[in-house]
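Inspection log for the structure reproduced underneath, given as structure tokens.
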Amino acid sequence: HVSFRYPTKNQQAYEYVAGGYEPLRFPDVKRSSWYYDYVEKAASMGLFAGDENGFFNPGDAITRAEFVQVLYNDYVPQEMLFSDVKADAWYANAVNWAGENHVIAGYENNTFKPNAPITREEMCVVLENYIQKVEQAVPEHRAFAFPDDEEISSWAEKSVYACYDRGLVSGDEKGNFNPSDNTSRSEAATVFVKFTDYLAVLETA
């Protein structure tokens with residue numbers, strides 16, 4: 001005869017241990033994500049918030065209006081610069097501030113297209129325009145080119161590589177910059193944290 005014993009439950013293994021992880025700030029931003037620390041810091045700094053359901057939506061594209069909203073300070077515009085930006089729009093002050101200070105440009109028909117996604121190369125132009133207001137210098141470019149360098153627009157190339165040299169942007173897993181891709185919210189949060197840290201260094205230099 002063979003007797004089988006049921007395993008005894010290890011009570012200690014089921015006891016609650018204090019000091020575990022705090023609940024996630026955003027349910028869709030996992031601790032294993034490459035952008036987790038950047039999103040957390042950006043949210044702590046008040047640069048980004050979740051949607052009405054508390055989600056961050058890290059893969060969603062960030063719009064042109066949303067991007068400049070993160071950049072701008074309290075400001076009252078002298079006039080409405082773009083025909084498609086209404087005075088009572090939530091982003092009106094930010095967009096007009098960016099336009100008046102030549103941080104971002106509109107289109108030939110005097111429109112801004114606030115709800116259009118901002119591309120990665122456009123993002124670099126905006127950031128570099130802003131930095132030039134503070135630093136008025138361009139870092140010496142290292143002998144480096146992205147594998148998809150030919151896809152970077154001529155009007156954005158200088159800004160893309162200046163942002164790269166400042167440590168604000170990098171390529172994907174293949175090294176490509178993907179200049180015409182829409183900037184995701186997770187990418188924007190990452191860049192803004194690096195951008196804020198960069199400006200802080202400039203102020204103390």
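Along the sequence shown, residues are numbered consecutively beginning with 1. As the structure is a prediction and not an experimental result, all values here were calculated from the model.
Put simply, the side chain of Lys133 never gets that close to the backbone of His102: no donor and acceptor are under 3.5 Å apart. Panel note: side chain Asn176, backbone Asp172; no donor-acceptor pair is recorded below 3.5 Å. Remark: the backbone N or O of Thr119 is not paired with any side-chain donor or acceptor of Asn182 at under 3.5 angstrom. The closest donor-acceptor contact from the side chain of Glu151 to the backbone of Asn178 lies at 3.5 Å or more, if one exists at all. Side chain of Asp84 to backbone of Thr111: no donor-acceptor contact under 3.5 angstrom is found. Formation of a donor-acceptor pair under 3.5 Å by the Glu66 side chain with backbone atoms of Thr63 is found in this model. Listed for the Asp51 side chain is a donor-acceptor partner under 3.5 Å among the backbone atoms of Asn53. Here the side chain of Ser44 pairs a donor or acceptor atom with the backbone of Glu40 at under 3.5 angstrom.
A distance of 10.0 Å separates CE of Met123 from CD of Glu121, quoted to the nearest 0.5 Å. To the nearest 0.5 Å, the span separating OG on Ser153 from CD on Glu122 amounts to 8.5 Å. For the atom pair Asn96 CG and Phe82 CZ, the distance stands at 7.0 Å (nearest 0.5 Å).
Two residues are said to be in side-chain contact when any heavy atoms from C-beta on lie closer than 4.5 Å; Pro179 and Asp148 meet this criterion. Asn129 has its side chain out of reach of Ile104: every pair of non-hydrogen atoms, C-beta onward, lies at least 4.5 Å apart. The shortest side-chain heavy-atom distance between Tyr161 and Asp149 falls under the 4.5 Å cut-off. Under the 4.5 Å side-chain criterion, counting only non-hydrogen atoms from C-beta, Leu24 is in contact with Arg31. Between Ile62 and Ile118 there is a side-chain heavy-atom pair separated by less than 4.5 Å. Contact check for Tyr35 versus Glu187: no side-chain heavy atoms found under the 4.5 Å cut-off. Side-chain atoms of Cys124 and Val169, non-hydrogen and from C-beta on, do get closer than 4.5 Å to each other.
Scanning all heavy atoms of the two residues, the minimum distance from Lys113 to Tyr107 falls at CD-CE1, 3.5 Å. Heavy atoms only, all atoms of each residue included: Val85 and Ala92 are closest at CG1-CA, 3.9 Å. A pairwise comparison of heavy atoms in Val39 and Ser186 identifies CG2-CA, 4.5 Å as the closest pair. Contact detail for Ala105 and Arg64: the closest heavy-atom pair is O-NH2, 2.9 Å. Here the shortest heavy-atom pairing between Gly59 and Ser184 reads O-CB, 4.0 Å. Across Met80 and Lys86, no two heavy atoms sit closer than the pair SD-C, 4.4 Å.
No more than 12 heavy atoms of other residues, nucleotides or ligands shown are found within 6.0 angstrom of OH on Tyr38.
For Tyr164 and Phe146, the gap between ring centers is short of 6.0 Å.
For the pairing with Val193, the side chain to side chain contact (heavy atoms under 4.5 Å, CB included) check across Asp197, Thr196, Thr190 returns one residue only, Asp197. In summary, of the residues considered (Tyr130, Phe112, Tyr72, Phe192), a ring pair (Phe, Tyr, Trp, His ring centres under 6.0 Å) with Phe67 occurs for Phe192 alone.
Ionic pairing of Arg185 and Asp28 is not present here: no N-O contact between side-chain nitrogen and carboxylate oxygen is shorter than 4.0 angstrom. Salt bridge annotation for Glu128-Arg166: present, with a cationic side-chain nitrogen under 4.0 angstrom from a carboxylate oxygen.
Residues Phe26 and Phe55 are members of separate hydrophobic clusters, defined by side-chain heavy-atom contacts under 4.5 angstrom among Ile, Leu, Val, Met, Phe, Trp and Tyr.
With a 6.0 Å cutoff to the six-membered ring centre and a 45° limit on the axis angle, Lys30 does not count as a cation-pi contact of Tyr36.
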